[in-house]
Amino acid sequence: MKIKFTQLGFFFLMVFAFAQLGAQNVNILRVNSPASITGDYPINLTTGWGQQLMTELSGTATFADDGEGTVTDGCDGTITNISGKIAFVDRGNCEFGVKALASENAGAVATIICNNVTGEFFPGAGTVGDQVSTPVAGMSLEDCMTVRTEAEGGDIDITLLYIEEPCPTPSYGPEVIWGNESGQGDFDGGLNGWTISCESDTCFGWTIDPTVLQNGSFATGVNISTPTMCNGAVVMDSDYLDNLGGGVPAIGTGICPANCVGSLISPVIDLTAITDLSGLFIEFDQQTRQFASTYQVILSKNGGVSWPDTITINGSLEQNSAHIVETVRVPAPGYENANSITIQFRYIGNYYYWAIDDVRLVNEATADLNLRTDFFAVAPTYRTPLSQAVEMPFLIDIENNGNV
């Protein structure tokens, strides 16, 4: 097995990463003054119309006054008080696009539309929204009521900016002995000591882009949604690697035609501090769609010098399955006295993809009985006269998915 993580593979990873970073529009309206209303207020920038603001925008802001009817709705009359400013307008009486276009035509550099019912919202374009070239955002009724105490009839100083939401930290119990710390198995910001081994020029790769699967031909609308996708995950997209998004005519013409084989390999995990490993599992979150791929977890006790234990997983996935989201537990018997363990996820990719995130070691002895529905007793004949009926013994296969 040869490690070939080339410039081409790196290029695609950087495209995936920067595509997500570039998609982070502003989500906060920060009031800088006056002091009575300073603070951060969530806003929802429009998508598909208006300017997709990627950087901070600061300036004075006030409620638009059109002089007719509900003077703050931006629907009637002539607005004369918002030139060069960020305009607040109230929802109602006309389309969102009409309000935003009126604000822009009156010289506003951005428009914040205040909801008229409880909660946040995303303003829609309406019939003229495609003519708007300045940023437009929606703001909750509650926050607008606070802001308008100073901004209706006067100016306030604000900044529109993006604040990254902290990625959630999973809550694990004491049975999780590795992977419960950031930078171990959560792929927070990168591989963090994990390595990738490809039998071709590219295979697995780290990404922070949840829409990366849509680069392939057969995952339209599918996003990676693992619990900590916001800090990254590792994915091998057999669909894209095989056809580069070219669909059926391009099958087999990509940079790693199926079967494309690759491995994701953990750092050496020290187990010497654990005195009893009688219930060891490898647990991880996966998202996949299966056609004819093979999935394996391969284990080593000597830091990857040898790999004696190969466990085939996902064998029950049906061919041409739907998108699958699940947590997988793989027992690791025989490692009760091991000083270390190294984990290799090997994917023989024959469509469609395999995303892996939040790998952890769980030490929890478990019996998990499963009745095998592919083998059970049947009647010896299809039809037996009642007078000749005899008892038929119950017989079914039982297996233990646990590790005891």
Side-chain angles (χ1 to χ4, degrees), residues 24-163:
Q24 295 174 342
N25 290 317
V26 297
N27 62 358
I28 291 292
L29 185 153
R30 174 171 292 168
V31 177
N32 304 308
S33 66
S36 59
I37 58 170
T38 55
D40 290 348
Y41 301 86
I43 56 174
N44 295 315
L45 198 73
T46 56
T47 56
W49 69 287
Q51 181 186 354
Q52 302 306 293
L53 188 62
M54 302 293 183
T55 57
E56 293 185 6
L57 175 63
S58 297
T60 56
T62 190
F63 271 80
D65 185 343
D66 63 23
E68 295 186 16
T70 304
V71 297
T72 55
D73 65 4
C75 295
D76 310 293
T78 302
I79 307 173
T80 61
N81 68 323
I82 57 174
S83 181
K85 300 179 182 180
I86 299 169
F88 289 95
V89 296
D90 283 316
R91 183 177 185 174
N93 300 321
C94 64
E95 292 181 348
F96 300 128
V98 171
K99 299 173 185 291
L101 187 59
S103 292
E104 181 178 330
N105 290 337
V109 297
T111 303
I112 310 298
I113 301 175
C114 290
N115 208 354
N116 56 7
V117 293
T118 300
E120 301 177 11
F121 75 111
F122 284 87
T127 56
V128 298
D130 59 347
Q131 301 176 39
V132 177
S133 59
T134 51
V136 183
M139 190 170 175
S140 72
L141 170 65
E142 298 82 358
D143 288 339
C144 277
M145 292 296 289
T146 300
V147 169
R148 78 185 313 132
T149 59
E150 299 284 355
E152 188 171 5
D155 290 341
I156 62 175
D157 179 30
I158 72 171
T159 301
L160 306 182
L161 74 162
Y162 175 81
I163 295 181

Can you check whether Ala64's main-chain N or O pairs, donor with acceptor, with Lys85's side chain at less than 3.5 Å?
-> no

Do the side chain of Thr46 and the main chain of Trp49 share a donor and acceptor less than 3.5 angstrom apart?
-> yes

Is Gln51 close to Pro135 at the side-chain level, that is, under 4.5 Å between some pair of heavy atoms?
-> yes

Main-chain N/O of Cys75 paired with Asp66 side-chain donor or acceptor, under 3.5 Å = yes

Go through Lys99 and Asp73 one step at a time and tell me if the side-chain contact (heavy atoms from CB on, under 4.5 Å) criterion holds.
-> CA-CA 7 Å; Lys99 299 173 185 291; Asp73 65 4; 3.7 Å; yes

Given side-chain contact (heavy atoms from CB on, under 4.5 Å), test Ile82 with Thr62 step by step and report yes or no.
-> CA-CA 7 Å; Ile82 57 174; Thr62 190; 3.9 Å; yes

Look up atom CG in Leu141 and atom CE in Met139, then write down how far apart they are to the nearest 0.5 Å.
-> 10.5 Å

Using a distance-only test with no angle check, is there a side-chain donor-acceptor pair under 3.5 angstrom linking Asp65 and Asn81?
-> no

Report the distance from atom CD1 of Ile158 to atom OH of Tyr41, rounding to the nearest 0.5 Å.
-> 11.0 Å

Roughly how far, to the nearest 0.5 Å, is the CG atom of Asn116 from the SG atom of Cys144?
-> 10.0 Å

Specify the closest pair of heavy atoms between Arg148 and Phe63, including all atoms of both residues, with the distance to one decimal.
-> CB-CE1, 3.3 Å

For Asp143 and Pro42, the nearest pair of non-hydrogen atoms, with its separation, is OD2-CD, 3.5 Å

Check step by step if side-chain contact (heavy atoms from CB on, under 4.5 Å) holds for Val26 and Leu57.
-> CA-CA 9 Å; Val26 297; Leu57 175 63; over 6 Å; no

First locate atom CZ of Phe88, then atom CD1 of Ile112, and finally report the distance between them rounded to the nearest 0.5 Å.
-> 6.0 Å

Determine the interplanar angle of the Phe96 and Phe121 rings, folded into 0 to 90°, and report it as parallel if under 30°, tilted if 30 to 60°, perpendicular if over 60°.
-> tilted

Test log, rule side-chain contact (heavy atoms from CB on, under 4.5 Å), inputs Asn27 and Ile163 = CA-CA 7 Å; Asn27 62 358; Ile163 295 181; 4.2 Å; yes

Check residues 31-39 and write down every donor-acceptor pair under 3.5 Å in which the side-chain atom is one partner and the other belongs to a residue at least two apart or another chain.
residue: Asn32; atom: ND2; partner: Thr159; partner atom: OG1; Å: 3.0
residue: Ser36; atom: OG; partner: Glu150; partner atom: OE2; Å: 2.8
residue: Thr38; atom: OG1; partner: Ala35; partner atom: O; Å: 3.3

Rounded distance [0.5 Å steps], CG in Asp40 versus CZ in Arg30 = 4.0 Å

What's the spacing between Leu45 CG and Leu53 CG if we round to 0.5 Å?
-> 6.5 Å

Nearest atoms (heavy-atom pairs only) where Pro123 meets Ile113 | CB-CD1, 4.1 Å

Would you indicate whether the side-chain heavy atoms of Ile86 and Val109 approach each other to under 4.5 Å?
-> yes

